[in-house]
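Structure first, commentary second.
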Amino acid sequence: MKEDCIASTTVASDHPLTSFFPRPFQNHELLIMTGTEKKFPREKLVNKVNHLNFIDGNLSVIFSDRHNRRDIVMKARPQPCLEDKCTCLPAPDGISWEPVKDYQPSFLMIDDGLGAVIAPVELASLNQSALTVKIPKECMIKTQRAVRRRICDNLTCDIRLPDKKYRGILIDFTPKAFSVRLSDGQGVENLDPSETAQIDIFRNSTKLFSGPCRLVRNGLNTPDRRIVYAPLNERIQLFPPRKIRNTRWRTTPSFTIRYRHPFSLEQVERDTFDVSTSGFSIRENPEEQTLMAGMMIPELSIHYAGISEMTCSAQVIYRREDDQGAIVQSGLAITDMDVLSFSRFNHLVGMNFDSNAHVSTTVDMEALWEFFFDTGFIYGEKYQHLYPHRNSFKETYRKLYQDNPEIARHFTYEKNGRIYGHISMIHSYPPTWVIHHFSAKPMESKVPGFLILRQITHYINGYYRFLSHKMDYVMTYYRPENRIVDKIFGGFARELNNPRGSSLDLFSYLHRDKSSAEEQALPAGFTVNPCSAGDLEMLKSYYERVSGGLLLDAFRLDLSMKPLEETFLNAGFKRTCRTFCLRFEEAPLAFFIVNQSDLGLNLSDLLNGITIIVMDEKKSTWKILSSALQTLDSFYETDHIPLLIYPARYAEEHGIRVDKQYQLWILRNDPYSEQYTDYMGRKFRMKYTSTAKE
């Protein structure tokens, strides 16, 4: 097919240095008048030559040796052109015209990828530094291809066959085929067209394409040693098939994508045809199509209404033509996106589904505080702990909800400036985000609580897949007597019945009032020290035996918190996590996970307290634990330190008065996030998909 044979002319490559030296010209059909060519006046040719000069581009000069009937081609850099004279310098600068002094210039050729302007010329003058030719009043333009061929820039490729491997340089491409010049010095036999080759294309060390290809032209026996391959796949499977697909919308106005083409480095701008939070599609005219299935775009920007910009990386997952061949549609999946861009993108796409749903937008703080008190989320006892520090609370929440730091996301359901539903999450441990602050109140015929749950579930199900997501787990603490919340989280864990996919751990919760605690040293033989690797292994063994859940996977106590601490610090917040072990004569009895964060970052201060895991419940009496806790008091500025004790029965068995119990729910996102989304849809009739709307 015409569009597959993109290397039919030997004048295509501007990149490899060898293309600037004389090479045999083989495509003589271009120079033959067939009646299909169009006339091209001199004035337009002059404008085209001057444009090439303006952009430091090149054209081709075809030389003839009439005695040997041999034609050669050489790249040239045109100078400003006026009237009927065109002067060209050798390209690149510094290469002289010496190699062609015995040849006669016969044609200028300008190839734009779809066709070529062919101008017969007469020699005016030639020396080592400059060639001047006389151009005619009229030349011709010939259409060679149905798809524009684009010149590649600084790309290498590996061609892997069942029993051999070759290296080459990518010369040019269309979405249907690309040409490769094999590297010199390789012992190459004639390639077998029936053998499928696995081809990887790179710019430096960045992979831009990988896929099976078939040989459509073998030019190994020609001077330029150029071969042409066509990709076999029109569709690739980037992620496992999903039962629940993200909703696709045709928005007005449409989103616009902009990127430098990974092969040619041309600037490309296209309007999206439809869009979801996981990707988008574009439509192009066949001759101007730019993408092939499997191609990776390392950096792409998404624009909306000219006022919002989001950046991501993407990969082309399909390419298809309509039945008439008039439109080519390409689908792109987002492979990575930073949390701020994804939140903005998620919000803009979601607004087409529900205009009241907001994702990490600036929140009216007065409306937020009114909502928290009005819904009873901040109740009397909680406010008693909050009251002495209310000004610092206000500042913490101002930064969270107006500065929009990447450590936290919030989801609200609003109408006319009033908040009817709220849920948020914070990046609490290296691989884990905590969901918290879930509250709602009635709004006409809608149920905002479930609507914001749909928001956050949809968000998580999209975001965790990204390469730099750092969202392997999500977790939340909730009161087990809250039947609705228990059905939302605990119900899924019980239905899944796999604690390695979703787990539940029950904790007793109380406050330690260090100002009223009596100073009492630990008895002889008892010590509290930072955990060693061996201690953490013993903790892991104990937890797997009594729970088998995900707590230690989600906390990842063996990982350094420093990168996350620095992210918090850069956003103006505090976050640390340290682990200590209570021992008796070197035998571990209990572990203390000392969490620190800004006061009120979590309104129950579950990220600013101590989690206690008791291994030996007999030796670890409450008196011993209280003495051990005194050694950790200095980490906290407030008098009241929240404590979470595991197992929850410890408190009752040791006669400790507790405030309440908390259930810790954890979800491993891969591969259980989609199952959780399905569960929410079935149990609460949450609609996650729909047909695209105009």
Task: Asn570 side chain to Thr567 side chain, donor-acceptor N/O pair below 3.5 angstrom - done: no
Open item on the list: Would you say that Ser508 contacts Tyr650 through its side chain, given a criterion of any heavy-atom pair below 4.5 Å between the two side chains?
Closed with: no
Open item on the list: Can you give me the closest heavy-atom contact between His437 and Tyr401, atom names plus distance?
Closed with: ND1-OH, 4.3 Å
- [ ] Report the C-alpha distance between Lys660 and Glu481 in whole Å, list the side-chain angles of each, state the deciding distance to 0.1 Å, and finish with yes or no for salt bridge (Lys or Arg N to Asp or Glu O under 4.0 Å).
- [x] CA-CA 10 Å; Lys660 62 193 76 170; Glu481 59 267 26; over 6 Å; no
- [ ] Begin with the C-alpha distance, continue with both residues' side-chain angles, and end with the deciding distance and a verdict on salt bridge (Lys or Arg N to Asp or Glu O under 4.0 Å) for Lys618 and Asp616.
- [x] CA-CA 6 Å; Lys618 291 184 178 180; Asp616 190 327; over 6 Å; no
Open item on the list: Ring centroids only, cut at 6.0 angstrom: are Tyr477 and His436 within range, meaning strictly under it?
Closed with: no
Task: NZ/NE/NH1/NH2 to OD/OE distance under 4.0 Å, Asp553 and Arg500 - done: yes
Open item on the list: Once you measure the plane-to-plane angle for Phe489 and Trp665, does it fall in the parallel (<30°), tilted (30-60°) or perpendicular (>60°) bin?
Closed with: tilted
Open item on the list: Do Arg657 and Leu510 have side chains that approach each other closer than 4.5 Å (heavy atoms only, starting at C-beta)?
Closed with: no
- [ ] State whether a side-chain donor-acceptor pair under 3.5 Å links Ser547 with Tyr543.
- [x] yes
TODO: Rounded to the nearest 0.5 Å, what's the gap from CD1 on Ile407 to CG on Leu569? Could you check?
DONE: 10.5 Å
Open item on the list: Can you confirm if the aromatic rings of Tyr672 and Phe492 lie within a centre distance of less than 6.0 Å?
Closed with: no
Open item on the list: Which heavy atom of Val434 sits nearest to which heavy atom of Ser428, and what is that distance?
Closed with: CG2-OG, 3.0 Å
Open item on the list: Quick check on Lys574: does its NZ atom have over 12 non-hydrogen neighbours (other residues, nucleotides or ligands) under 6.0 Å away?
Closed with: yes
Open item on the list: I'd like to know if the side chain of Gln455 reaches the main chain of Phe411, judged simply by a donor and an acceptor atom lying under 3.5 Å from each other, with no hydrogens or angles considered.
Closed with: no
Task: Shortest non-hydrogen contact between Tyr464 and Met471, atoms and distance - done: CB-O, 3.5 Å
- [ ] Please confirm whether Phe342 and Tyr459 have ring centers closer than 6.0 angstrom.
- [x] yes
- [ ] For residues Leu603 and Asp605, determine if any side-chain heavy atom of one lies less than 4.5 Å from a side-chain heavy atom of the other.
- [x] no
TODO: Using only heavy-atom distances, determine whether the side chains of Lys446 and Tyr413 contain a donor-acceptor pair under 3.5 Å.
DONE: yes
Task: Cation-pi, Phe377 ring and Lys441 (6.0 angstrom, 45 degrees) - done: no
Task: Check: Leu601 and Phe573 side chains under 4.5 Å, non-hydrogen atoms - done: yes
Task: Asn346 versus Ser343, side-chain donor and acceptor atoms under 3.5 Å - done: no
Open item on the list: Tell me whether Asp364 is salt-bridged to Arg418, with the criterion being a basic N under 4.0 Å from an acidic carboxylate O.
Closed with: no
- [ ] Could you tell me how the ring of Phe345 sits relative to the ring of Phe255: parallel (under 30°), tilted (30 to 60°) or perpendicular (over 60°)?
- [x] perpendicular
TODO: Could you tell me which non-hydrogen atom of Cys577 sits nearest to which non-hydrogen atom of Leu557, and how far apart they are?
DONE: SG-CD2, 4.3 Å
- [ ] Return yes if a side-chain donor-acceptor contact under 3.5 Å exists between Thr457 and Thr677, otherwise no.
- [x] no
Distance-only donor-acceptor pairs under 3.5 Å for side chains of residues 635-643, two or more places apart:
| from | atom 1 | to | atom 2 | distance (Å) |
| --- | --- | --- | --- | --- |
| Tyr636 | OH | Asn595 | O | 2.8 |
| Tyr636 | OH | Gly609 | O | 3.1 |
| Thr638 | OG1 | His640 | O | 3.2 |

Open item on the list: Strictly below 4.0 Å, N to O, side chains only: are Arg668 and Asp472 in salt-bridge contact?
Closed with: no
TODO: Answer whether the closest heavy-atom distance between the side chains of Ile456 and Ile452 falls below 4.5 Å.
DONE: no
Open item on the list: Please tell me whether His427 and Tyr429 form a close aromatic pair, meaning their ring centres lie under 6.0 Å apart.
Closed with: no
Open item on the list: Quick check: closest heavy atoms across Ser360 and Asn404, and the distance to 0.1 Å?
Closed with: O-ND2, 3.3 Å
Task: Side-chain heavy-atom pair Val614, Leu625 within 4.5 angstrom cut-off - done: yes
- [ ] Compute whether any side-chain donor of one residue and acceptor of the other, for Ser673 and Asn461, lie under 3.5 angstrom apart.
- [x] yes
TODO: Under the salt bridge (Lys or Arg N to Asp or Glu O under 4.0 Å) rule, what do Arg398 and Glu395 come out as? Steps first, then yes or no, please.
DONE: CA-CA 5 Å; Arg398 185 200 65 77; Glu395 178 59 16; 2.9 Å; yes
- [ ] Identify, with sequence neighbours excluded, every residue that meets ring pair (Phe, Tyr, Trp, His ring centres under 6.0 Å) alongside Phe526.
- [x] Phe584
Open item on the list: Please tell me whether Phe373 and Tyr383 form a close aromatic pair, meaning their ring centres lie under 6.0 Å apart.
Closed with: yes
Open item on the list: With a 6.0 Å cut-off on the ring centroids, do His347 and His358 count as close?
Closed with: yes
Open item on the list: Would you say Asn669 and Arg465 are linked by a side-chain donor-acceptor pair, where the criterion is simply a distance under 3.5 Å?
Closed with: no
Open item on the list: Salt bridge check, Lys415 against Glu444: does any charged N sit closer than 4.0 Å to a carboxylate O?
Closed with: yes
Open item on the list: A side-chain contact here means heavy atoms from C-beta on lying under 4.5 Å apart; do Asn529 and Phe580 qualify?
Closed with: no
Open item on the list: Between His410 and Thr412, do the side chains contain a donor N or O and an acceptor N or O under 3.5 Å apart?
Closed with: no
Open item on the list: Could you check whether any side-chain heavy atom of Glu565 comes within less than 4.5 Å of a side-chain heavy atom of Gln596, counting everything from C-beta outward?
Closed with: no
TODO: Report yes if the distance between the aromatic ring centroids of Tyr397 and Trp369 is under 6.0 Å, otherwise no.
DONE: yes
- [ ] Report the C-alpha separation of Lys394 and Glu366 in whole Å, then their side-chain angles, then the decisive distance to 0.1 Å, and conclude whether the salt bridge (Lys or Arg N to Asp or Glu O under 4.0 Å) test is met.
- [x] CA-CA 10 Å; Lys394 289 179 181 179; Glu366 294 302 322; over 6 Å; no
Open item on the list: Between Asp633 and Arg512 (salt bridge meaning N to carboxylate O under 4.0 Å), is one present in this structure?
Closed with: yes
- [ ] Check Pro430 against Leu564 and note the closest heavy-atom contact, atom names and distance.
- [x] N-CD2, 3.9 Å
Task: Side chains of Tyr478 and Asp486, donor plus acceptor under 3.5 Å - done: yes
